[in-house]
Amino acid sequence: MKIAIVIGTRPEIIKMAPVIDEIQKRSIDFILIHTGQHYDHEMSDQFFLDLELPKPHYNIGVGSASHAEMTADMMMGIEKVLLENNIDIVLVQGDTNAVLAGALVASKLHIPVGHVEAGLRSFDKTMPEEINRMVADVCSKLFFVPTEESAVNLVVEGVNPKNIIITGNTVVDACLRNLKIADKTSDILSKFDVNEKILTLTMHRAENVDNEERLTNIVESLIELDEFNIVFPVHPRTLKNLERFGLYAKLVEKEHINIIKPVGYLDFLLLLSKSFLIMTDSGGLQEEAITLNVPCITLRFNTERPETVTAGGNILVGSDKEKILETVRLILDDNSTREMMKKAINPYGDGKSSERILDSIQKNHDEDKLQIKPPEDVMRSFTREMAFLEDEITVSKFEEINNALVRVVYSEGRAEFPHQNLELNGKFVLFDKLT
Ligand code: UD1
Ligand code: UDP
């Protein structure tokens, strides 16, 4: 078996690292394709060093450009590499342009795609990431979803539940493994006064930092938050915009605000773990905050990680200055709110997601299911039906007796993922009856 892994940006390197480790541990043949979307040392190479990753076999070197130009260059580069290699499955991770390009190219070449962190939805189509993850999921064969909620997003969109594997998020694998290493090797804490309350801030979302009004609101709230020592490793996109809107000078003159270059993963994890509060618009940080039991404030109006909010570890504040200040001060002044946020249960698993991903890939490969089959092999007819079940019966028994595939289960007005052992008594079932 040969696996191709496509990565392009900082979070993909971090979240694919445990998958690459697991592939190497199992001595499976693989190629690593870097699209080159992130290219600064501190946005890319630093993570290969920190995470002890092999050098990419291919770097397409797309650099920065418009979405269309970047995606087109990635697609042409990835296609060439896939045609040169005999690949059994292409793995993509998350929701960047690399995921869009990798999934589209592979699916058109009839190479199965495994989407790591599939099924997330913000239901906000102004986000380029929402388009990317939806398109990637249309092109994918195996869906490695982090949570039950993301699995349900996919089944209601019509994805076959048999191809959805609830694995947890590989960010937990990365976080748990590397925090132990960071504890021994990182000296980041010597650079800041850890006796003060550290607020670690990151932001880079286009809808925040490219928008002058939103970015100004956020900056004005930071200026007022002098109860904290704010550590702000600034993303290159954000730095450019802070300068463009004349906001950079206002921030650097404040003693409580430390603007630094993006830092490596080991330093960053240790910094996060010692933070009083995390303020961010990053996807990965919302997950890391709840993994590390640090309260999180998210500078967005919606999130594709609603589990963090439901669990109580994350509060959405948008970019409204008053809302940001009010929420930060609530967490600062009210012990019980802060403790509740710290105790939120991590919905992203136990740190074994990459093992589950590789187990599933191996099983599908061994059972000869890693193939996009031509119509003459898969042609079959079915009727899609709905039924209310009054008997005690599990999904697997129902499927066996009725020669059916259960798609979604509805119970008390909620959609449920059709686990094989789920009891269907008293529930509505949407299923395909094979004829
Ligand atoms: C990209 C992803 C976003 C992800 C983020 C992770 C897309 C559409 N966006 O956003 O989903 O959350 O990465 O950080 O794929 N730049 C540099 N050096 C670099 C990289 C970028 O200076 O190494 C600057 C360039 O001016 C570039 C800008 O940052 O124009 C934005 O970079 P880009 O890769 O387009 O998007 P990100 O904001 O990084
Ligand atoms: N990160 C890092 N150093 C930094 C800022 C972030 O190592 O200076 C890590 C962070 O721990 C997380 C990932 O980068 O794992 C998140 O990347 P980013 O916020 O750029 O992307 P997103 O997750 O929003 O797609």
Side-chain angles (χ1 to χ4, degrees), residues 6-18 34-47 49-51 61-71 74 92-102 117 120 122 127-133 135-136 169-175 178-179 182 186 188 200-210 231-241 243-244 258-273 275 278-289 291-292 294 298-300 303-305 348:
V6 180
I7 50 167
T9 66
R10 169 169 74 184
E12 293 159 79
I13 304 169
I14 293 168
K15 288 174 167 178
M16 273 300 200
H34 194 323
T35 65
Q37 180 174 347
H38 282 178
Y39 46 86
D40 287 346
H41 175 85
E42 58 272 14
M43 295 300 286
S44 178
D45 286 356
Q46 181 64 52
F47 297 93
L49 297 173
D50 280 353
L51 299 163
V62 295
S64 302
S66 72
H67 282 275
E69 203 176 327
M70 199 194 274
T71 311
M74 287 179 194
V92 294
Q93 193 287 328
D95 54 21
T96 66
N97 287 343
V99 178
L100 171 70
E117 203 181 78
L120 274 62
S122 65
M127 292 182 76
E129 292 84 0
E130 183 74 354
I131 312 289
N132 291 346
R133 46 186 168 245
V135 176
N169 197 308
T170 59
V171 80
V172 181
D173 311 18
C175 208
N178 291 292
L179 186 58
S186 166
I188 185 122
T200 299
L201 165 75
T202 76
M203 56 174 160
H204 68 278
R205 277 282 77 90
E207 55 271 26
N208 274 336
V209 304
D210 293 5
V231 183
F232 181 16
V234 66
H235 188 287
R237 176 183 210 118
T238 311
L239 181 61
K240 262 180 45 183
N241 285 315
E243 282 165 347
R244 180 158 71 106
N258 303 280
I259 302 191
I260 57 174
K261 278 185 159 195
V263 294
Y265 194 51
L266 298 177
D267 285 342
F268 194 64
L269 269 185
L270 194 62
L271 177 67
L272 284 185
S273 71
S275 298
I278 291 169
M279 190 190 280
T280 194
D281 62 13
S282 155
L285 256 83
Q286 294 173 64
E287 297 154 349
E288 285 163 342
T291 303
L292 296 169
V294 181
T298 296
L299 300 163
R300 289 180 46 190
T303 179
E304 57 294 314
R305 275 106 176 152
Y348 295 115

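On a predicted model such as this, the values are computed, not experimentally measured, just so you know. Residue numbers run from 1 in the order of the sequence given. Just follow the structure's listing: the first ligand is 1, and inside any ligand the first atom is 1. Just so you know, these numbers use all the heavy atoms, side chains as well, and skip hydrogens, waters and symmetry mates.
Taking the charged nitrogens against the carboxylate oxygens, K240 and E243 have no contact shorter than 4.0 Å, which rules out a salt bridge. Between R133 and E117 there is no salt bridge, since none of the side-chain N atoms of the basic residue sits less than 4.0 Å from a carboxylate O of the acidic one. Salt bridge R205/D210: absent, no basic N to carboxylate O contact under 4.0 Å.
Distances between N or O atoms of H67 and those of ligand 1 include no value under 3.5 Å. Any N or O atom pair closer than 3.5 Å counts here, and N132 shares no such pair with ligand 1. Residue contacts with ligand 2: R205 is placed with a nitrogen or oxygen under 3.5 Å of a nitrogen or oxygen of the ligand (distance criterion only). Residue H38 places at least one N or O, backbone or side chain, under 3.5 Å from an N or O of ligand 1. By the 3.5 Å distance cut-off applied to N or O atoms, H235 is counted among the residues near ligand 1. Annotation: T9 places no N or O atom under 3.5 Å from an N or O atom of ligand 1; distance criterion only.
With contacts defined as side-chain heavy-atom distances shorter than 4.5 Å, the pair N169/K15 qualifies. Side-chain contact between I14 and N178 is absent, with no heavy atoms from C-beta onward closer than 4.5 Å. With contacts defined as side-chain heavy-atom distances shorter than 4.5 Å, the pair F232/M203 qualifies. Taking 4.5 Å as the limit, some side-chain heavy atom of T280 sits within range of a side-chain heavy atom of Q286. The shortest side-chain heavy-atom distance between V99 and V6 does not fall under the 4.5 Å cut-off. Counting heavy atoms from C-beta outward, L269 and L292 have side chains that approach closer than 4.5 Å. By the 4.5 Å heavy-atom criterion applied to side chains, T170 and Y348 are not counted as neighbours. When side chains are defined from C-beta on, E42 does not count as touching V263, because their heavy atoms never get closer than 4.5 Å.
In this structure, atom 8 (O) of ligand 2 lies nearest to the protein heavy atom V263 N, 2.9 Å. For atom 38 (O) of ligand 1, the closest non-hydrogen atom on the protein side is R237 NH1, 2.8 Å. Counting only heavy atoms of the protein, atom 4 (C) of ligand 1 lies nearest to H204 NE2, 3.8 Å. The protein heavy-atom contact nearest to atom 25 (O) of ligand 2 is P11 CG, 3.4 Å. Protein heavy atom closest to atom 24 (C) of ligand 1, with residue, atom name and distance, is P236 CB, 3.8 Å. Protein heavy atom in closest approach to atom 18 (N) of ligand 1: D40 OD2, 2.9 Å. Nearest to atom 15 (O) of ligand 2 among the protein's heavy atoms is E288 OE2, 2.6 Å. Looking from atom 27 (C) of ligand 1 to the surrounding protein, the closest heavy atom is S64 OG, 3.3 Å. At the shortest separation from atom 16 (C) of ligand 2 among protein heavy atoms lies S282 OG, 3.8 Å. Nearest protein neighbour of atom 23 (O) of ligand 2, counting heavy atoms only, is G284 N, 2.8 Å. Taking atom 7 (C) of ligand 1 as the reference point, the nearest protein heavy-atom neighbour is Q37 NE2, 3.5 Å. Ranking protein heavy atoms by distance to atom 17 (O) of ligand 2, first place goes to R10 NE, 3.6 Å.
In P11, the part holding a heavy atom less than 4.0 Å from any atom of ligand 1 is the side chain. Residue-level proximity to ligand 2 for E129 is absent, since no heavy atom of it falls below 4.0 angstrom. Under 4.0 Å from ligand 2, not a single heavy atom of V171 appears. Neither the backbone nor the side chain of K15 has a heavy atom within less than 4.0 Å of ligand 2.
For H204, the ring pair (Phe, Tyr, Trp, His ring centres under 6.0 Å) partners at least two apart in sequence or on another chain are H235.
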Run the side chain to side chain donor-acceptor pair (under 3.5 Å) check on E130 and S122 step by step: do they pass? CA-CA 7 Å; E130 183 74 354; S122 65; 3.1 Å; yes
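Smallest separation of non-hydrogen atoms from L272 and L285: CD2-CD2, 4.0 Å. Smallest separation of non-hydrogen atoms from M74 and A101: CB-CB, 3.6 Å.
Short contacts between ligand 2 and G283, defined as distances under 4.0 Å to a heavy atom of the residue, involve ligand atoms 22 (P), 23 (O), 24 (O). Of all the atoms in ligand 1, the ones that sit under 4.0 Å from a non-hydrogen atom of M70 are 35 (O). Shown in contact with P262 at under 4.0 Å from a heavy atom are these atoms of ligand 2, numbered in order with element: 8 (O). Within the listing of ligand 1, atoms 3 (C), 4 (C), 11 (O), 12 (O) sit less than 4.0 angstrom from a heavy atom of R205. Applying the 4.0 Å criterion to heavy atoms of P233 picks out, from ligand 2, the atoms 8 (O). Against a heavy-atom cut-off of under 4.0 Å, K240 is close to the following atoms of ligand 1: 26 (O), 30 (O). Heavy-atom contacts of I14 reach the following atoms of ligand 2: 9 (C), 13 (C), 14 (O), 15 (O) (cutoff under 4.0 Å). With ligand atoms numbered from 1 in the order given, ligand 1 contributes 3 (C), 9 (N), 11 (O) to contacts under 4.0 Å with heavy atoms of E129.
Panel note: side chain N132, backbone D95; a donor-acceptor pair is recorded below 3.5 Å.
Side-chain atoms of T96 and E12 form a donor-acceptor pair, as typed in the model, at a separation below 3.5 Å. D281 and N208 are linked by a side-chain donor-acceptor pair at a separation below 3.5 angstrom, with hydrogens and angles left out of the test.
The residue among F268, F47, Y265 with a heavy atom at the shortest distance from atom 1 (N) of ligand 2 is F268.
Heavy-atom separations between E42 and ligand 2 are all 4.0 Å or longer.
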